[in-house]
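Letters A, B, ... mirror the listed sequences (proteins, then strands); counts begin at 1.
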Amino acid sequence: MFIATKCPYSNAYNDRMREMAAAYEKQGIVFAGINSNKSEPADEVVSHAKQHGLAFPLMKDPENKVADLYDARHTPEIFVVDPQGKLRYHGRIDENYEDPAKVASPDLKNALDAMLVGKAIARAETKAFGCSIKRV
Amino acid sequence: MAALLLAASGSLAQGTRLAGEVDAGGLSERIAREKGHVVLVNFWATWCVPCREEFPDLSRLQKAYAAKGLRVIGISTDLERETPAVEKFLGEQKPGFPNYRKKKGGDDQQFIDAIDASWGGELPFTVLYASDGRKARVLSGKRPYSEYEKEVRALLR
């Protein structure tokens with residue numbers, strides 16, 4: 001998950017990321033956050049995670065090499081990779097950044113649930129607005 | 001009453017108020033109305049720092065190239081409830097070009113895909129249309145004034 005400390009769109013998903021990470025960890029899915037913004041140093045990433053209870057592994061991508069590798073463009077942006085290293089899902093967490101109670105299309109959850117039962121992912125590529133990754 | 005109307009139209013002319021709401025179809029029609037001009041459409045939001053940073057450059061571009069045939073149109077992707085913040089920002093910026101808010105409702109993915117298939121939803125995002133109405137160039141993320149100027153000049157030739 002390419003995430004940010006200052007992006008309101010990314011921050012709107014802090015609770016959802018934290019809750020999904022905890023729920024899916026029990027089913028063998030590892031969530032990891034990557035911060036590739038040059039404007040957000042590692043100490044800020046750590047304090048932001050503590051403030052929002054983000055307990056999943058977080059990595060700083062200081063020269064946005066990981067973002068370049070994935071062609072990640074904004075935050076939050078999700079890539080789901082299976083144990084064979086194959087990209088299975090790319091896109092948003094859901095379609096409603098404004099109100100988690102009114103989500104109509106929980107795309108990441110649908111993708112993970114499909115993977116867990118060995119089904120094809122109905123929507124493997126989704127889009128939403130987000131903050132551009134500030135590259136070096 | 002007339003004075004009020006004049007004040008309102010002046011605000012719109014300077015772009016200090018939202019000119020309305022558009023969906024992808026409405027934007028397409030709005031661009032078509034500018035046929036014969038090069039059109040630069042910039043998608044932005046008040047919460048997007050690089051969008052705010054590059055906004056004065058777009059005003060500068062509009063002022064420098066309007067007489068040569070450039071039309072800049074801004075599309076705020078802010079939520080409806082953020083309208084006061086949008087209009088406060090426009091009031092401060094006095095962009096000199098019209099700004100619309102993306103129409104409320106619908107899945108943002110449909111809007112994003114309708115604008116350009118290569119667009120992932122990152123902001124800012126800019127699309128340049130040639131004077132014959134064809135989409136000529138897309139620019140992802142914040143760009144320097146010099147790059148916008150180069151792209152616009154190439155299309156104005």
Are [X] and [Y] joined in one hydrophobic group, where the rule is that I, L, V, M, F, W and Y side chains link up if heavy atoms are under 4.5 Å apart?
X: A:M17; Y: A:M115; answer: yes
X: A:F2; Y: A:F56; answer: no
X: B:I73; Y: B:L58; answer: no

Going through the checks in order, is the side chain to side chain contact (heavy atoms under 4.5 Å, CB included) test met by A:R123 and B:Q109? CA-CA 12 Å; A:R123 290 186 79 185; B:Q109 180 159 359; 2.8 Å; yes

What part of B:F111 gets closer than 4.5 Å to chain A, counting heavy atoms only: side chain, backbone, both or neither?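 When you check distances to chain A, only side chain atoms of B:F111 fall under 4.5 Å.
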
Taking atom NZ of B:K103 as the centre, report whether more than 12 heavy atoms of other residues, nucleotides or ligands fall under 6.0 Å from it.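 Atom NZ in B:K103 is not crowded, with 12 or fewer foreign heavy atoms closer than 6.0 Å.
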
Give the intermediate values and the outcome of side chain to side chain contact (heavy atoms under 4.5 Å, CB included) for residues A:E98 and B:R81. CA-CA 11 Å; A:E98 186 182 12; B:R81 70 179 184 204; 3.2 Å; yes

Between A:K134 and chain B, which part of the residue has a heavy atom less than 4.5 Å away: side chain, backbone, both or neither?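 Contact with chain B is through the side chain of A:K134 alone.
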
Looking at every non-hydrogen atom in both residues, tell me the closest pair between A:S132 and B:L123 and how far apart they are.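 Smallest heavy-atom distance, with atoms named: OG-O, 2.5 Å.
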
At their closest point, which heavy atom of A:C131 faces which heavy atom of B:W47, and how far apart are they?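 Shortest heavy-atom contact: SG-CZ3, 3.2 Å.
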
Within residues 108-119 of chain A or reaching into it, pairs that qualify as side chain to side chain donor-acceptor pair (under 3.5 Å) - sequence neighbours excluded: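 As it turns out, the side chain to side chain donor-acceptor pair (under 3.5 Å) pairs with a partner in residues 108-119 of chain A, which skip direct neighbours, are A:Y24-A:D113, A:K109-A:D113.
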
With the side chain counted from C-beta on, respond yes when A:F129 and B:F125 share a heavy-atom pair under 4.5 Å apart, and no when they do not.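 A:F129 does not reach B:F125 side chain to side chain.
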
Side-chain contact, heavy-atom cut-off 4.5 Å: B:D108 with A:K127?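 No; the side chains remain at least 4.5 Å from each other.
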
For residues 67-82 of chain A, tabulate all N or O donor-acceptor pairs below 3.5 Å that involve a side-chain atom, not counting sequence neighbours.
residue : atom : partner : partner atom : Å
A:D68   : OD1  : A:N64   : ND2          : 3.4
A:D68   : OD1  : A:R135  : NE           : 2.7
A:D68   : OD1  : A:R135  : NH2          : 3.2
A:D68   : OD2  : A:N64   : ND2          : 3.2
A:R73   : NH1  : B:S118  : O            : 2.7
A:R73   : NH1  : B:E122  : OE2          : 3.1
A:R73   : NH2  : B:S118  : O            : 3.3
A:H74   : NE2  : B:G120  : O            : 3.0
A:E77   : OE1  : A:R73   : N            : 2.7
A:E77   : OE1  : A:H74   : N            : 3.0
A:E77   : OE2  : A:H90   : NE2          : 2.6
A:D82   : OD1  : A:Q84   : N            : 2.9
A:D82   : OD1  : A:G85   : N            : 3.1
A:D82   : OD1  : A:K86   : N            : 2.9

